[in-house]
Amino acid sequence: MLDINLIRKDPDRVRQALINRGTDPGPVDEILALDAQRRAIIVRAEQLRALRNTVSKQIGQMRDEAEREAKKAEMRRVGDEIAALEDELGQVEAKLDELTAGLPNLPDPRVPIGPDETHNVIVRVHEGSLPKPDFPPKPHWEIGEALGIIDFERGVKLSGSRFYVLNGWGARLQRGLIAWMLDLRLQQGYEERYLPFMVKSQTLFAAGQLPKFRDNLYHDAEEDFWMVPTAEVPLTNLHGGEILSAEELPKLYAAYTPCFRREKMSAGKDVRGLKRGHQFDKVEMYAFTKPEESDHYLEKMLADAEETLKALGLTYRVKLLCTGDLGFAACITYDLEVWAPGVGEWLEVSSVSNTGDFQARRANIKFRRERGAKPEFVHTLNGSGLALPRTMIAVLENYQQPDGSVIVPEVLRPYVGVEVIRSPNSQLIPPH
RNA sequence: GGAAAGGUGGCCGAGUGGUUUAAGGCGGCGGUCUUGAAAACCGCUGUGGGGCUCUGUCCUCACCGUGAGUUCGAAUCUCACCCUUUCCGCCA
């Protein structure tokens with residue numbers, strides 16, 4: 001949510017930001033008109049309320065019956081007028097809120113201006129430490145099916161397209177990755193949280209998913225429950241409605257959750273393999289910071305995500321998203337893409353964003369610099385660390401051997417319990 | 001799912017229609033006293049919106065779980081919903 005004061009004071013800046021994002025700046029004028037209308041109504045209603053308050057007090061002390069009844073009648077009319085104004089105010093505010101809530105965050109000045117992903121800027125490419133394969137690499141679905149660790153057919157049988165079952169070491173590899181990533185986050189200073197995977201509407205609104213992205217979410221038809229599309233949603237609301245003290249900032253969190261997405265926008269895209277499912281696992285990073293420190297933590301979070309890929313020896317690149325590709329709540333976003341030689345693609349495994357005070361406004365998260373100081377909105381940041389299926393793809397495709405087996409990355413061996421995956425269930429001995 | 005009790009400021013807790021501008025206490029902050037501290041005493045104490053002779057120890061409105069309603073006037077009365085606790089049932 002943008003600050004209404006900012007829209008009032010500098011509408012041109014907001015209009016330009018919307019144009020840069022490739023969205024219609026039209027609502028800005030409508031918002032300004034409604035805002036003026038809103039304040040005019042408030043002034044009138046408040047005057048009437050003040051009048052009623054004082055007269056009502058007098059009525060309580062009046063002796064003269066006739067005079068009392070006359071005042072009551074008068075206040076009844078004032079009350080009707082107030083009710084009419086409140087009604088009008090309600091309509092104006094509803095429309096105003098709807099329009100304001102629909103405005104995306106303002107891009108940071110560092111964000112390159114461009115209409116779509118072709119204008120994203122590659123910040124750097126990191127060469128992984130793995131030796132280059134001297135044989136034609138296979139895509140992960142071939143590797144996984146040949147090893148018997150990914151079962152696409154049974155996934156479809158259970159739930160339809162975009163679902164799969166992981167068998168034996170395949171499941172263990174993913175579980176090992178999750179546990180290892182969480183431990184890595186702990187070392188990097190994040191506190192772990194286990195969160196609800198279903199949340200109510202307000203929680204999604206605060207994170208910026210509702211009302212705009214309703215179509216991409218799963219929800220319960222009878223109750224106000226929505227499946228989380230990312231841990232960012234519950235993490236944003238952990239401190240919703242709270243006023244934090246300056247000393248407890250920054251607050252850094254890491255959480256593992258599954259994520260549920262309809263993928264309507266991507267219908268027909270990436271239907272093969274693990275790349276894009278309706279359900280996927282993710283370890284997420286989240287930060288609540290003072291405004292002046294959010295930039296620093298954006299870089300930290302990016303470095304922490306990169307550390308994951310470095311430790312796995314993988315090749316990746318860092319992209320700075322342009323205005324046209326920027327998410328709704330973000331003012332700046334880095335994407336991390338890992339190289340997967342089997343599919344021959346750079347896969348987005350992480351997205352690290354600073355949302356400034358955009359989510360903090362929606363979720364009403366503030367902090368006090370010192371005792372007695374006026375509460376200010378915090379800044380919030382989120383970053384994947386990392387998305388599991390695509391990390392799995394990268395591991396399978398980068399660690400595949402000519403004989404079809406897959407070497408388990410060294411850092412994961414204590415978590416997975418095996419050095420080489422040759423079949424779903426070989427050497428099924430629990431690690432110690 | 002059934003029954004009962006309850007939800008008031010940072011916390012505890014009073015308040016069943018009008019000097020309540022939410023009593024009192026605890027905590028916190030400031031001060032007096034003291035060599036210093038404690039105690040005692042005095043003062044202060046939330047959030048949001050709006051206005052202005054526009055940044056002020058200023059004025060005003062709203063906020064007692066949420067939302068509607070009754071009334072000149074609602075923390076207080078009515079209705080619906082949410083949540084908490086306890087008991088019963090069910091269950092990993």
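Throughout, a chain's letter reflects where its sequence line sits, starting with A, and its residues are numbered from 1. Computed from a prediction, not measured in an experiment: that's the story for all the values here. Below, all heavy atoms of this structure are taken into account, side chains as well, without hydrogens, waters or symmetry copies.
Using a 4.0 Å heavy-atom criterion, one finds that A:R44 contacts no nucleic acid atom at all. At a threshold of 4.0 angstrom between heavy atoms, the contacts of A:R38 are confined to the sugar-phosphate backbone, with no base atom among them. Among the atoms of the strands shown, only primed sugar atoms or phosphate atoms (P, OP1, OP2) are found under 4.0 Å from some heavy atom of A:R8.
Between the side chain of A:R21 and the backbone N or O of A:T323 there is no donor-acceptor pair closer than 3.5 Å. Distance alone, capped at 3.5 Å, is enough to place a donor-acceptor pair between the A:T308 side chain and the A:A305 backbone. For A:H239 (side chain) and A:L244 (main-chain N/O), no donor-acceptor pair under 3.5 Å exists by modelled atom type.
As rounded to whole Å, 11 Å separates atom C1' of B:G50 from atom CG of A:D35. If you take CZ of A:R39 and P of B:G50, they are 7 Å apart, rounded to a whole angstrom. To the nearest angstrom, P of B:C61 lies 14 Å from CD of A:E86. Atom C1' of nucleotide B:A62 and atom CD of A:E93 are separated by 11 Å, given to the nearest angstrom. Regarding A:I365, its CD1 atom lies at a distance of 16 Å from the C1' atom of B:U47, rounded to whole Å. One interatomic measurement links the two molecules: CG of A:N5 to C1' of B:G50, which rounds to 12 Å at whole-angstrom precision. A:L89 has its CG atom 14 Å from the C1' atom of B:G48, to the nearest Å. Rounded to a whole Å, the CZ atom of A:R362 is 19 Å from the C1' atom of B:G48.
Between B:U8 and B:G13, the distance separating the two C1' atoms is 9 Å to the nearest Å. Remark: the separation of the C1' atoms in B:G65 and B:C61 is 22 Å, to the nearest Å. Atom P of B:A74 sits at a distance of 11 Å from the matching atom of B:G18, rounded to the whole Å. Separating the P atom of B:A38 from that of B:G27 is a span of 13 Å, rounded to the nearest Å. Between the P atoms of B:U78 and B:G7, the separation comes to 14 Å (whole Å). Annotation: B:U57 and B:G46 have their P atoms spaced 15 Å apart (nearest Å). With C1' as the reference atom, B:U76 and B:G69 are 15 Å apart, rounded to whole Å. When the P atom is used for both B:U19 and B:G36, the distance is 46 Å, rounded to whole Å.
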Under 3.5 Å, side-chain donor or acceptor atoms of residues 144-153 of chain A against the rest of the protein: list the pairs with distances, not counting sequence neighbours.
{"from": "A:D151", "atom 1": "OD1", "to": "A:E153", "atom 2": "N", "distance (Å)": "3.3"}
{"from": "A:D151", "atom 1": "OD1", "to": "A:R154", "atom 2": "N", "distance (Å)": "2.9"}
{"from": "A:D151", "atom 1": "OD2", "to": "A:R154", "atom 2": "NH1", "distance (Å)": "2.8"}

What donor-acceptor contacts under 3.5 angstrom involve side-chain atoms of residues 73-87 of chain A, with partners at least two apart or in another chain?
{"from": "A:E86", "atom 1": "OE2", "to": "A:R49", "atom 2": "NH1", "distance (Å)": "2.7"}
{"from": "A:D87", "atom 1": "OD2", "to": "A:Q91", "atom 2": "NE2", "distance (Å)": "3.4"}

Could you provide the dot-bracket string of RNA chain B, using ( ) for intrastrand pairs, [ ] for crossing pairs and | for bases paired to another strand, with Watson-Crick or G-U pairs below 3.5 Å?
((((((((.[[[..)..(.....]]]((((((.......))))))(((((((...).)))))).[[[[[..)....]]]]])))))))....
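Remark: A:D64 does not engage A:R68 in a salt bridge, criterion side-chain N to carboxylate O under 4.0 Å.
A side-chain donor from one of A:N20 and A:Q16 sits under 3.5 Å from a side-chain acceptor of the other.
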Apply side-chain hydrogen bond (donor to acceptor under 3.5 Å, both in side chains) to residues A:T289 and A:S294 and explain how you reach the verdict.
CA-CA 6 Å; A:T289 76; A:S294 65; 4.6 Å; no
Apply side-chain hydrogen bond (donor to acceptor under 3.5 Å, both in side chains) to the pair A:E299 and A:Y334, showing each step before the final yes or no.
CA-CA 9 Å; A:E299 297 306 321; A:Y334 290 108; 3.3 Å; yes
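Inter-residue side-chain proximity for A:T391 and A:M181 is flagged as met; some heavy-atom pair is nearer than 4.5 Å.
Using cut-offs of 30° and 60° for the angle between ring planes, the A:Y218 and A:H278 rings count as perpendicular.
A centroid separation of 6.0 Å or more is found between the aromatic rings of A:F197 and A:F260.
Every salt bridge (Lys or Arg N to Asp or Glu O under 4.0 Å) that A:E263 has, sequence neighbours left out, goes to A:R276.
With B:G51, B:U60, B:G48 as the choices, the nucleotide that has an atom nearest any side-chain atom of A:P375 turns out to be B:G48.
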Sequence-aligned protein contact record of nucleotides 63-84 of chain B, with B where the base is within under 4.0 Å of a protein heavy atom and S where only the sugar-phosphate is:
---------BS-----------
Atom pairs under 3.5 Å: protein N/O with N/O of nucleotides 27-30 of chain B:
{"from": "B:G28", "atom 1": "O2'", "to": "A:R371", "atom 2": "NE", "distance (Å)": "3.3"}
{"from": "B:G28", "atom 1": "O2'", "to": "A:R371", "atom 2": "NH1", "distance (Å)": "2.8"}
{"from": "B:G28", "atom 1": "O2'", "to": "A:R371", "atom 2": "NH2", "distance (Å)": "2.8"}

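For the pair A:N364 and A:R49, nearest-nucleotide mapping onto RNA chain B gives the more 5' position to A:N364.
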